[in-house]
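Comments concern the structure below.
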Amino acid sequence: MAHVPSEKHTPLILSVDGVTKSFDGFKAINDLNFYLEEGELRTVIGPNGAGKSTFMDLITARTKPDSGRIRYHQDDGSDVDLTRVREHQVSQLGIGRKFQNPTIYKSHTVYDNLQLSLSGKRGLLSSLFYKETKENRDKIYDVLETIRLSEFADRLAGSLSHGQKQWLEIGMLLAQDPKIMLVDEPAAGMSDEETDRTGELLLSLEGKHSLIVIEHDMEFVRQIARRVTVLHQGHVLKEGSFDFVRSDPEVIEVYLGRQTRNH
Ligand code: ADP
Ligand code: MG
């Protein structure tokens with residue numbers, strides 16, 4: 001509980017205290033404590049079955065824990081216990097999640113995908129009242145630049161490369177101005193060049209958003225690593241710099257030692 005995550009005194013945006021979640025008696029998440037600072041880019045690694053996706057399910061209220069608290073610290077100083085809100089409210093609170101498979105609208109243009117996302121920001125109803133204001137257009141162009149798809153604005157989303165589709169989906173999250181972004185294996189299936197660009201993109205979001213990135217590819221983790229959390233059996237095994245966790249005997253034993261090249 002009395003966890004001081006770093007020497008800097010950046011305020012926390014997310015506190016996970018003593019969270020446990022069982023499935024049929026099996027503790028997928030086991031007394032998990034996790035603290036994310038505002039503007040931080042955190043990478044979470046760990047073997048298959050460590051509980052990484054369940055962790056994101058818990059933060060987004062897709063899954064309810066058996067015990068523990070997940071507090072989202074808001075700008076106005078108030079806390080929201082994310083274990084007590086409904087899943088659809090989480091995105092409205094400013095917590096966005098990117099799943100592994102992009103959920104873009106393939107027969108719409110890149111621009112329209114971003115516009116749909118922007119218009120849906122405050123829930124489905126608001127999209128009926130969406131106005132094509134200069135402010136909204138500027139926002140979309142901003143996002144297009146960030147995800148480096150400005151030249152593809154009029155292309156159908158379905159015609160983009162695998163990597164570009166992933167960036168578009170990150171852009172769709174960005175259009176909603178999330179405070180916290182949860183990104184699950186963004187580099188999966190990407191070419192080396194796309195992976196590299198994805199790393200640059202995530203690094204460019206640091207400070208403006210707070211990010212939790214789950215990733216397997218250790219080269220990619222090295223590229224984006226700030227503080228790295230190693231999850232094992234639903235619990236934080238180790239936390240620290242890339243070099244610290246990579247050379248830790250326990251981490252090597254449970255994770256890196258048995259990692260396959262093609263993961
Ligand atoms: P990771 O993403 O790190 O690979 P998961 O969070 O997907 O791990 O899963 C953690 C453990 O919880 C696994 O053993 C998995 O089989 C189990 N699990 C996850 N979700 C469910 C579920 N809905 N029902 C039963 N078991 C689950
Ligand atoms: Mg997973």
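Counting starts at 1 for both ligands and their atoms, in listed order. All values below were derived from every heavy atom in this structure, side-chain atoms included, with hydrogens, water molecules and symmetry-related copies excluded.
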Could you tell me which atoms of ligand 1, counted from 1 in the order shown, lie closer than 4.0 angstrom to a heavy atom of Asn48? 4 (O)

Please could you name the atoms of ligand 1 that Pro47 approaches to less than 4.0 Å, counting only its heavy atoms?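 This gives 3 (O) as the contact atoms.
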
Compute the shortest N/O to N/O distance between [X] and ligand 1 and return yes if it is under 3.5 Å, no if not.
{"X": "Gly51", "answer": "yes"}
{"X": "Ala28", "answer": "no"}
{"X": "Ala50", "answer": "yes"}
{"X": "Asp24", "answer": "no"}

Using a cut-off of 6.0 Å, state whether more than 12 heavy atoms not belonging to Lys64 lie near its atom NZ.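 Atom NZ in Lys64 is crowded, with more than 12 foreign heavy atoms closer than 6.0 Å.
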
For atom 7 (O) of ligand 1, is the nearest protein heavy atom under 4.0 Å away?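 Answer yes: something from the protein, a heavy atom, is under 4.0 Å.
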
Does Phe55 come within less than 4.0 angstrom of ligand 1, counting non-hydrogen atoms of the residue?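 Flag not set, Phe55 not near ligand 1.
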
With respect to Arg227, which candidate in Glu239, Glu206, Glu40 satisfies the salt bridge (Lys or Arg N to Asp or Glu O under 4.0 Å) definition?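 Answer after filtering Glu239, Glu206, Glu40: Glu40.
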
Over 60° means perpendicular and under 30° means parallel, so classify the ring planes of Tyr111 and Tyr141, tilted if in between.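 Tyr141 vs Tyr111 ring planes: tilted.
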
Compare all side-chain heavy atoms of Phe244 with those of Lys238 and state whether any distance is below 4.5 angstrom. yes

The Mg ion (ligand 2) and Asn48: any N/O/S contact shorter than 2.8 Å?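 It does not; every qualifying atom lies at 2.8 Å or beyond.
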
Using only heavy-atom distances, determine whether the side chains of Gln166 and Lys98 contain a donor-acceptor pair under 3.5 Å. yes

Whether the Ser78 and Asp76 side chains hold a donor-acceptor pair (N or O, under 3.5 Å, no angle test) is what I'd like checked. yes

Taken to the nearest 0.5 Å, the spacing of Glu193 CD from Asp196 CG works out to 8.0 Å

